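FYI, side chains are in, hydrogens and waters are out, and symmetry mates aren't considered; it's all heavy atoms of this structure. Note that the coordinates shown come from a computational prediction; the quantities given were computed from them, not determined experimentally.
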Amino acid sequence: MEKDKSKARSEDTGLESVATRTPMEHVTPKPETHLASPKPTCMVPPMPHSPVSGDSVEEEEEEEKKVCLPGFTGLVNLGNTCFMNSVIQSLSNTRELRDFFHDRSFEAEINYNNPLGTGGRLAIGFAVLLRALWKGTHHAFQPSKLKAIVASKASQFTGYAQHDAQEFMAFLLDGLHEDLNRIQNKPYTETVDSDGRPDEVVAEEAWQRHKMRNDSFIVDLFQGQYKSKLVCPVCAKVSITFDPFLYLPVPLPQKQKVLPVFYFAREPHSKPIKFLVSVSKENSTASEVLDSLSQSVRVKPENLRLAEVIKNRFHRVFLPSHSLDTVSPSDMLLCFELLSPELAKERIVVLEVQQRPQVPSVPISKCAACQRKQQSEDEKLKRCTRCYRVGYCNQLCQKTHWPDHKGLCRPENIGYPFLVSVPASRLTYARLAQLLEGYARYSVSVFQPPFQPGRMALESQSPGCTTLLSTGSLEAGDSERDPIQPPELQLVTPMAEGDTGLPRVWAAPDRGPVPSTSGISSEILASGPTEVGSLPAGERVSRPEAAVPGYQHPSEAMNAHTPQFFIYKIDSSNREQRLEDKGDTPLELGDDCSLALVWRNNERLQEFVLVASKELECAEDPGSAGEAARAGHFTLDQCLNLFTRPEVLAPEEAWYCPQCKQHREASKQLLLWRLPNVLIVQLKRFSFRSFIWRDKINDLVEFPVRNLDLSKFCIGQKEEQLPSYDLYAVINHYGGMIGGHYTACARLPNDRSSQRSDVGWRLFDDSTVTTVDESQVVTRYAYVLFYRRRNSPVERPPRAGHSEHHPDLGPAAEAAASQASRIWQELEAEEEPVPEGPGPLGPWGPQDWVGPPPRGPTTPDEGCLRYFVLGTVAALVALVLNVFYPLVSQSRWR
């Protein structure tokens, strides 16, 4: 058995001498000894540069030189060239592109006379690089020749500065296209406009005109077509054109914030529900919240009202178009369902309701004007009778402090305000009392002490009440008092429990009288001992006992008709008037007024309640449990929806309307018409804030690895098979704008099925290549996605040249072949192995801030320091230009 095993090993495919690499992320592997563990299989043969493999002796020598599996060769970072390495590795795993450059038959496609190309140097240089990546003879290869060819045509890539991987990819593919363009002499063409013709006709005409100037294997493989629709906002002129695209730059949804919203149904018997709603951090509107809640509670958005509450008051009620940019997740948002006029068949009255006690619970220990503390019981502080929240020694202190206090002089609110909607025909006092008490119970705790039969009403004891009126007070009470003048000062000495009616001073200085601001004390103080049956009609309210938490049942005879609160009408001038119970007669309340629910908490009364604010009772929406976790996660479908959504052009991008003869900020919409076989999607993570300042979005975008269905986005080319794609490569970007690092994850799809892989997923981190699992491909660092279409292979050009493009195949063909051979020899002479060994490491693996080998720093640390200093200086300059310079300019103009 041992002999058979050894014989089987000797008959292996020649990869026996290949050393496996340690699958540790971001660590440059050292040469290792042979391991007896099984190696991953590779179905990809080594890629020779000649259609004829050559002598068997040369093949054996090449097999002996192998140091890694084909497809596991990395690329050396020449100095900030990780952007180029990630693009090359992704394109090298594009199956059709790899097979196209597999042998030298692509030379027949080279256009040596194209002034926009490189005379075939870029195409042959790319083929040499692919050959080195798939031979398996290098652990890492230096792409210096390809970089020099690219820099010779694009000066921005000269040197070793950082660049965007997508920009380099676009230039590289465009350069390969020009080198392989089958069109020798490009004719003049014009843009095709629809002019009312069918889209199918216009799209095909535009595509054929595009192919008259651009016809290459790159166009066949990567380019698609989208429909562009422009609408003039003035004359409604519609312009439809069809343009080609090489990749799709899809925008990301704006950063999200999660807002807690408490939903109140239109009937108070339903407990409020707390929803978590995700909206955009910038340019968000109330309609986003209303639409989200509308789907959750199945209520039309027009029947919902969104309001913000600050300090127990309505701060603002939002219209659907109002912005929510200033609203933070810590703010209190309430949403109320209103009765629909269509359902009620009449006018609906919508009223804002706030809650407050008769006597506020704010303690007073010193004068608000002179800050003198109370010395004795004879020198008790007198409260302001409008708000009862401040006290004064006398009227002089009050008049002194009034300019500062008048802006804050208002009653203290408790609980949460709410909105009620009632049909105009059913707007009665009893209906209002029922709705108000039902909503109020969710935000206030109410307790009614047992009634004490031996206790008499203190209101009849006039010696126990000391009142000092200011000279500016009016007889009509505070509800009609001039707001410019200070209100009256009043001191009431309530009695303690167990008193028999004899007046005495209560030791607590923070208890106040019944506020005359609402007219309550003017009726009760002068009434003397009050019988239950003699209460005013406005106080006989039927109260559902179950609606008040903590309620204790007093004597039925004494408490059958005693209300626990009063209802006051507040008009547009902020004047208050108590509502009276008029039975079944509808009340006359307009939409410009609001209501105040005043709790009877004055302990001087015969019967009172103890009331205090509490945390809002609500139920949690189970569907909002994962909303906070999903706030920073987006899907590729959302990005494609944004790409196809109409947008208004910026002023600097205004469209010239041929009908108006002027530039207009037209509405523009892009729709996919023709999809390519290899689809490249760029996630636009970088946003421009100013001419020099850019920001990066690091949120996770979930994209499918298998079966990306674009049928709902593609409106043209109706085929039998759905446009389904499979992912085969991803370019990742780590870091920010000042410094970052690019890596790539890729697999080599099978020639016949993109669902299968000939070589599995690998992580390309410059010179380091390790295997990764498919589940590790989707990360929040994904920047460029490469998809391959299912069941739609691209036909490779025949080995011979095209007679229609090269009619003279004699001397011209020989000259072209000779020129190609010279380029091959020149570029292959640079193919030298890279010494193995650990390279400089950075925060994301191999350091991306190293200098070029020929003229770089003497040590890696010097390179790191140099580029760190340059990045810091650039950041400081950008900060000065964006922050300090505008401030200096504004101060000069002032």
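Between G740 and H733, the closest heavy-atom pair is CA-NE2, 4.0 Å. When every heavy atom of V701 is checked against every heavy atom of V778, the shortest pair comes out as O-CG1, 4.1 Å. Minimum interatomic distance between N601 and V611 (heavy atoms only, all atoms of both residues): CB-CG1, 4.0 Å. The two atoms that bring L304 and C335 nearest to each other are CB-SG, 4.0 Å, heavy atoms only. Contact detail for A666 and W655: the closest heavy-atom pair is CB-CE3, 3.6 Å. Of all heavy-atom pairs between R305 and E302, the closest is NH1-O, 3.1 Å.
Distance check: N303 CG to S421 OG gives 9.0 Å after rounding to the nearest 0.5 Å. The line from CG of L435 to CG of L597 is 11.5 Å long, rounded to the nearest 0.5 Å. Rounding to the nearest 0.5 angstrom, the gap separating the OG atom in S594 from the CG atom in D571 is 8.5 Å. Rounding to the nearest 0.5 angstrom, the gap separating the SG atom in C593 from the CG atom in N574 is 12.5 Å. L436 contributes atom CG, which lies 8.0 Å from atom CD of Q355 (distance to the nearest 0.5 angstrom). To the nearest 0.5 angstrom, R266 atom CZ is 5.5 Å from L339 atom CG.
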- Message: What verdict does the side chain to side chain contact (heavy atoms under 4.5 Å, CB included) test give for Q162 and F83, after you've listed the backbone C-alpha separation in whole Å, the side-chain angles of each residue and the deciding distance to 0.1 Å?
- Response: CA-CA 8 Å; Q162 300 184 60; F83 69 93; over 6 Å; no
- Task: Tell me, with the steps shown, if Y781 and Y734 meet ring pair (Phe, Tyr, Trp, His ring centres under 6.0 Å).
- Result: CA-CA 6 Å; Y781 306 106; Y734 301 84; 4.4 Å; yes
- List the steps and the verdict of side chain to side chain contact (heavy atoms under 4.5 Å, CB included) for I715 and W673. CA-CA 5 Å; I715 62 174; W673 183 268; 3.6 Å; yes
- Start with the C-alpha gap between R431 and E267, add the side-chain angles, then the distance that decides, and say whether salt bridge (Lys or Arg N to Asp or Glu O under 4.0 Å) holds. CA-CA 12 Å; R431 176 59 177 165; E267 291 294 336; 3.2 Å; yes
- Task: Report the C-alpha separation of F275 and V297 in whole Å, then their side-chain angles, then the decisive distance to 0.1 Å, and conclude whether the side chain to side chain contact (heavy atoms under 4.5 Å, CB included) test is met.
- Result: CA-CA 10 Å; F275 289 92; V297 300; 3.7 Å; yes
- Message: Could you go through E288 and L324, starting from their C-alpha distance and side-chain angles, then the distance that decides it, and tell me whether this counts as side chain to side chain contact (heavy atoms under 4.5 Å, CB included)?
- Response: CA-CA 9 Å; E288 296 183 39; L324 296 182; 5.9 Å; no
- Show the numbers, then the answer: is there a ring pair (Phe, Tyr, Trp, His ring centres under 6.0 Å) between Y783 and F686? CA-CA 10 Å; Y783 180 44; F686 301 102; 5.5 Å; yes
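Residues that satisfy the salt bridge (charged side-chain N to carboxylate O under 4.0 Å, His left out) test with D325, not counting sequence neighbours, are absent from this structure. Listed by chain and residue number, D199 satisfy the salt bridge (charged side-chain N to carboxylate O under 4.0 Å, His left out) test with K227 (two or more places apart in sequence, or in another chain). Under the ring-ring contact (aromatic ring centres under 6.0 Å, His included) criterion, H663 pairs with Y656, sequence neighbours left out.
For the pair L252/L683, a side-chain contact is recorded, criterion being any heavy-atom separation below 4.5 Å from C-beta on. Here the side chains of F565 and V446 are not in contact, with every heavy-atom distance at 4.5 Å or above. Within the 4.5 Å cutoff, the side chain of L708 has no heavy atoms near those of the L727 side chain. Looking at F245 and L670, their side chains never come closer than 4.5 Å, going by heavy atoms from C-beta outward. The closest side-chain heavy-atom distance from V277 to L333 is not below 4.5 Å. For the pair C657/Q662, no side-chain contact is recorded, criterion being any heavy-atom separation below 4.5 Å from C-beta on. Side-chain contact between P301 and P320: absent, with no pair of heavy atoms (C-beta onward) separated by less than 4.5 Å. Using a 4.5 Å heavy-atom cutoff, the side chains of Y416 and F264 are not in contact.
Under a 3.5 Å cut-off, the side chain of K257 and the backbone N or O of P329 do not form any donor-acceptor pair. Y442 places a side-chain N or O within 3.5 Å of a backbone atom of P268 that can act as its donor or acceptor partner. Side-chain atoms of Q669 come within 3.5 Å of backbone N or O of T644 as a donor-acceptor pair. Distance alone, capped at 3.5 Å, places no donor-acceptor pair between the R575 side chain and the S572 backbone. Side-chain atoms of N312 come within 3.5 Å of backbone N or O of G415 as a donor-acceptor pair. A side-chain donor-acceptor contact under 3.5 Å links R685 to the backbone of I697. Not a single donor-acceptor pair under 3.5 Å links the side chain of Q564 to the backbone N or O of V609.
E352 has no carboxylate O lying under 4.0 Å from a charged side-chain N of R316, or vice versa, which leaves the two without a salt bridge.
Using modelled atom types and a 3.5 Å distance limit, the side chains of D637 and T635 yield no donor-acceptor pair.
Residue E588 places its CD atom among 12 or fewer non-hydrogen atoms of other residues, nucleotides or ligands, all under 6.0 Å distant.
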